[in-house]
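Everything numeric in this text was worked out from a predicted model, so none of it was measured.
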Amino acid sequence: MSSPAPAVDLDRLLAAARSMRRPLELPRECFAAKVGAALITAAGDLFTGVNLDLACGIGFCAEHSAVAEMLKTRQTRVAAVAAVGRRGVLPPCGRCRELLIQIDAANAETAVLVAPGVTVPLGDLLPRHWYPSEAEEEA
């Protein structure tokens with residue numbers, strides 16, 4: 001059974017995501033840090049990340065970068081996540097939603113910032129998810 005998520009300071013989360021957004025032009029029309037992300041773990045730790053866009057289509061989202069930082073500390077439970085691009089708050093793409101739920105099924109409860117001050121549980125963004133919860137696996 002997971003412990004309750006800490007109260008999340010959404011202003012701090014959003015500020016951390018915004019601080020990562022410092023676009024860097026790389027050779028051949030490739031870019032880094034056009035999107036910044038931040039997440040707060042169930043333990044209350046803050047991790048940040050940036051995206052990487054490459055001409056050949058590979059790269060990664062800012063949320064992936066933040067998750068990788070978190071995993072280095074052996075944590076998997078995310079209390080809240082936010083990403084910011086040039087137009088403001090960006091809800092996570094499908095790939096990022098999958099990543100979050102697959103590293104810990106309890107992340108279905110993760111508060112996802114979808115607009116300034118507005119969160120939605122990750123599970124609501126992934127209804128009828130194909131990846132079974134532990135309870136479903138035991139049934």
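Under the 4.5 Å side-chain criterion, counting only non-hydrogen atoms from C-beta, P23 is in contact with K34. Using a 4.5 Å cut-off on side-chain heavy atoms (C-beta onward), L46 and I40 make contact. L13 has its side chain out of reach of D9: every pair of non-hydrogen atoms, C-beta onward, lies at least 4.5 Å apart. Inter-residue side-chain proximity for V114 and V89 is flagged as unmet; no heavy-atom pair is nearer than 4.5 Å. Between H64 and L99 the shortest side-chain heavy-atom distance falls below 4.5 Å. Looking at L122 and E109, their side chains never come closer than 4.5 Å, going by heavy atoms from C-beta outward.
The two residues T110 and V78 have their closest heavy-atom pair at OG1-O, 2.6 Å. Annotation for V8 and A80: closest pair CG1-CB, 3.6 Å, computed over non-hydrogen atoms. Of all the heavy atoms in R86 and R21, the pair that sits closest is CB-NH2, 2.9 Å. Minimum heavy-atom separation, A82 to A17: O-CB, 3.9 Å. The heavy-atom pair separating T48 from E69 by the smallest distance is O-CG, 3.8 Å. Here the closest non-hydrogen pair linking I103 and L100 is CG1-O, 3.3 Å.
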### Task
Apply salt bridge (Lys or Arg N to Asp or Glu O under 4.0 Å) to the pair R95 and E63, showing each step before the final yes or no.
CA-CA 10 Å; R95 185 172 176 240; E63 295 94 334; over 6 Å; no
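In this structure, L90 is not a member of the same hydrophobic cluster as L126, with clusters built from ILVMFWY side-chain heavy atoms closer than 4.5 Å. One hydrophobic cluster holds both F47 and V81 under the rule that ILVMFWY side chains link at heavy-atom gaps under 4.5 Å. Under a hydrophobic clustering in which Ile, Leu, Val, Met, Phe, Trp and Tyr are joined whenever their side-chain heavy atoms come within less than 4.5 Å, directly or via other members, L125 and V67 fall into the same cluster. Residue V35 is not grouped with residue V84 when hydrophobic side chains (ILVMFWY) are merged at heavy-atom distances under 4.5 angstrom, including chains of intermediate members. If you chain together hydrophobic residues whose side chains sit under 4.5 Å apart, M20 and M70 never meet in one group.
In terms of modelled atom types and a separation under 3.5 Å, the side chain of D104 and the main chain of Q75 share no donor-acceptor contact. Using a distance-only test at 3.5 Å, with no hydrogens or angles considered, a donor-acceptor pair links the side chain of R97 to the main chain of P92.
For the atom pair CG of N107 and OG1 of T41, the computed distance is 10.5 Å after rounding to the nearest 0.5 Å.
Cluster partners of F60, by chain and number: L24, L26, L52, L54, I58. The rule joins Ile, Leu, Val, Met, Phe, Trp and Tyr whenever side-chain heavy atoms lie under 4.5 Å apart.
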